[in-house]
There are 2 protein chains.
Amino acid sequence: MFSLAIHFDETDMKKSASVQRRKTFRHGDLRNALVAAGLEMARVGGPDAVVLREATRRAMVSPNAAYRHFANQAALLDAVRSECLSRLAAAIEEEMGKTGLGRDPQVFARKSLRAVGMGYLRFAIKEPGMFRTAFSVPPAVDVPNSANAASMGLNPFELLSLALNRMQQSGLLSKKDRKDAEYLAWSTVHGLARLALEGPLHTLPNEKVLALGERLVVMVERGLS
Amino acid sequence: MFSLAIHFDETDMKKSASVQRRKTFRHGDLRNALVAAGLEMARVGGPDAVVLREATRRAMVSPNAAYRHFANQAALLDAVRSECLSRLAAAIEEEMGKTGLGRDPQVFARKSLRAVGMGYLRFAIKEPGMFRTAFSVPPAVDVPNSANAASMGLNPFELLSLALNRMQQSGLLSKKDRKDAEYLAWSTVHGLARLALEGPLHTLPNEKVLALGERLVVMVERGLS
DNA sequence: ACCTTAAGTGGACGCTGTCTACAATTGTTC
DNA sequence: GAACAATTGTAGACAGCGTCCACTTAAGGT
C-alpha cells in the first residue's frame, strides 16, 4: 500500500511484530517525531548524519510529509541543533548544581566557572555527535532563544556569563577585565573540545582531555585578571 | 561526444572561447587538477562543498576518472584538507617572519607566540572555507606529515611548539608549565576561530575578533606560567 | 608487432533533497 | 448536518550525488 510496505510485505498485511503501522491518517505529532529522529541521528553521526528522508522513514511517513513542518532539511537540522544546545545547557546546569553553594563567594565563583567549563567539556566528550551538531550552523548569540535553554532558561553562553558575574561580584575580576571575558573563556574550552573531537587531538584519551580542561580553567582564571 | 558537450553544444564542435577541450586522451596531471578544483570549492564553501563530480567537471573529465587517483571522495577531501593545512602553516610562518629577530630572547619568544596565534586567527578570518576544511577530518597530530607543512617543513602544531620552546628557553616558562602547553595555547585560539567562523560569534566584526585574539595570547602567556 | 597496464569513458544503481499534483482527514460555517 | 476550506498526509517525478562494473584508448616494454 504505502511504499513502506516493502519493509514487511511478506504476503501478510497485518502489522508485523516490531513495526506497527500508524492507524490514523494524521500522525498527530510528526514535527516532534522528526526532531526526535533527527536528534538520534545527530547523536550517532553528527550534523551530516541528520537526513530528512531517514527521519520520515523512522516516523513511518512519506518523505514529503516533512515539508508540512519544515521548509527544508536545513530547517529540520536547525531544530535538531537547537535541541542539542538545550541539552548542552542542561549538562552545564547539572555540573553547576553539583558544586554546593559554599559560603565563600570567591570560592563559589571559582567553582561556578570551573563547572561551566568542565560541564561543557564533559558533554562534548560524552555526546560528541550532539556537541558537533550544536555548533554546526551559526545561530546568533545575542538574541536569547529560549529553545536553546535548559531548565534555568539560560543558554550555555548565559550560564558562562553568570559564572563570570560571580567572579566579578566576589572581587576576583575587575570591571575592565570582565568585559568580553565570556568570549575569552568560551574560546578556550570550546577550542579544546573541538580539537579533541574532530581535530588533531582526537586520539587523546578522555582523561587527558579533561585534565587539560582543568588546566585551561585555571589558566583562564589567572589570565583574565 | 563526451557528456561534457552539453556545456557548449551550440551546434559547433570547435572549442569555445573560454573552455578548450583536452586534446590528448590522458589528462597528464589529473590528480593535481582534482585537488586544485577541490581546494577552490573548499575555499568558497568549506568541506561540504568539495564534491567529487564537480571536481571532475572542472578538470573536464568524466566522473569516474577520479577513481583512478582517489579511492573515494573522502580521499579527495583528505588531500584537499592536507593542502589547507599547508596553507595555514604558510600563513603562520609568514606572520612569524614579520617579527624581526629581536635581540632580547624573551621579547623574541613572546613575539613568536603572538605571531603563531595571530597568524592562525588571521588565516581563519581571511580563508574561512580553507580553515574549516583543514580541521574537518581528524588527522593524527603526532605523526608528522610533511604534506601538511609549509616551507619550513613544520605543520601548525610544530610551529606552535617552536614558539613555546623559545618561551621556555628564554626563561619565560618553567619546564613543568611547558608540558602540554601547546594543547592549551592551541585550544584558546582555535576555539575563538571556530566560534567566530561557524559558531555563535560569527556576527562579531573581524577587528573585534582579532582584538580578542590579542587578549587571548596575553592570557595564555600569563596563565601558562 | 604484440601484450600488458594505466587512465580514461559510459551506463547504471540507490541514495539524497525537493517540486507539483492529488487524496484524506479535520475544522468551520451556514 | 451538509458544504466547504484548511491541514496534513501520499504519489510520482526530477536532478545531483557517490560509486560499481564493463568497456575503450593510448602508452610502454618486450
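All chains are named by letter (A, B, ...) in the order of the sequence lines, taking the proteins before the strands, and each is independently numbered beginning at 1.
- Side-chain atoms of A:N64 come within donor-acceptor range of the base of D:dG12, with a qualifying N/O pair under 3.5 Å.
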*Kindly determine whether B:E40 and B:R58 satisfy salt bridge (charged side-chain N to carboxylate O under 4.0 Å, His left out), including the steps that lead there.*
CA-CA 10 Å; B:E40 177 57 22; B:R58 297 191 185 187; 5.5 Å; no
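- As rounded to whole Å, 15 Å separates atom P of D:dT25 from atom CZ of B:R68.
- For the pair B:R26 and B:R53, both in contact range of DNA chain D, the more 5′-proximal nearest nucleotide belongs to B:R53.
- What separates CG of A:D48 from C1' of C:dC15 is a distance of 15 Å, to the nearest Å.
- For the residue pair A:S112 and A:R166, a side-chain donor N or O sits within less than 3.5 Å of a side-chain acceptor on the partner.
- In this structure, the CZ atom of A:R31 is 15 Å from the C1' atom of D:dT8, given to the nearest Å.
- Rounding to whole angstrom units, NE2 of residue B:H27 and C1' of D:dT24 are separated by 19 Å.
- A donor and an acceptor atom, one from each side chain of B:N148 and B:S82, are located under 3.5 Å apart.
- Residue B:N72 places its side chain closer to D:dT19 than to any other of D:dT19, C:dC22, C:dT9.
- For A:F70 and C:dT16, the CZ to C1' distance is 18 Å, given to the nearest whole Å.
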*asked:* Pair B:H202, A:F135 - check ring pair (Phe, Tyr, Trp, His ring centres under 6.0 Å), show working.
replied: CA-CA 11 Å; B:H202 81 287; A:F135 294 101; over 10 Å; no
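- Atom pair B:L52:CG and D:dG16:P shows a separation of 16 Å (rounding to whole Å applied).
- Checking D:dT10, C:dG8, D:dG9 against the side-chain heavy atoms of B:V61 singles out C:dG8 as nearest.
- Side-chain nitrogen and oxygen atoms of A:H69 include at least one within less than 4.0 Å of the OP1 or OP2 phosphate oxygen of D:dG9.
- Rounded to whole angstrom, the span from the CG atom of A:L34 across to the P atom of D:dT8 amounts to 13 Å.
- The pair A:E198-A:R132 meets the salt-bridge criterion, since a charged nitrogen lies less than 4.0 angstrom from a carboxylate oxygen.
- Taking only side-chain nitrogens and oxygens, B:Y67 never comes nearer than 4.0 Å to OP1 or OP2 of D:dC20.
- Rounded to an integer number of Å, the gap from A:L76 CG to C:dG17 P is 9 Å.
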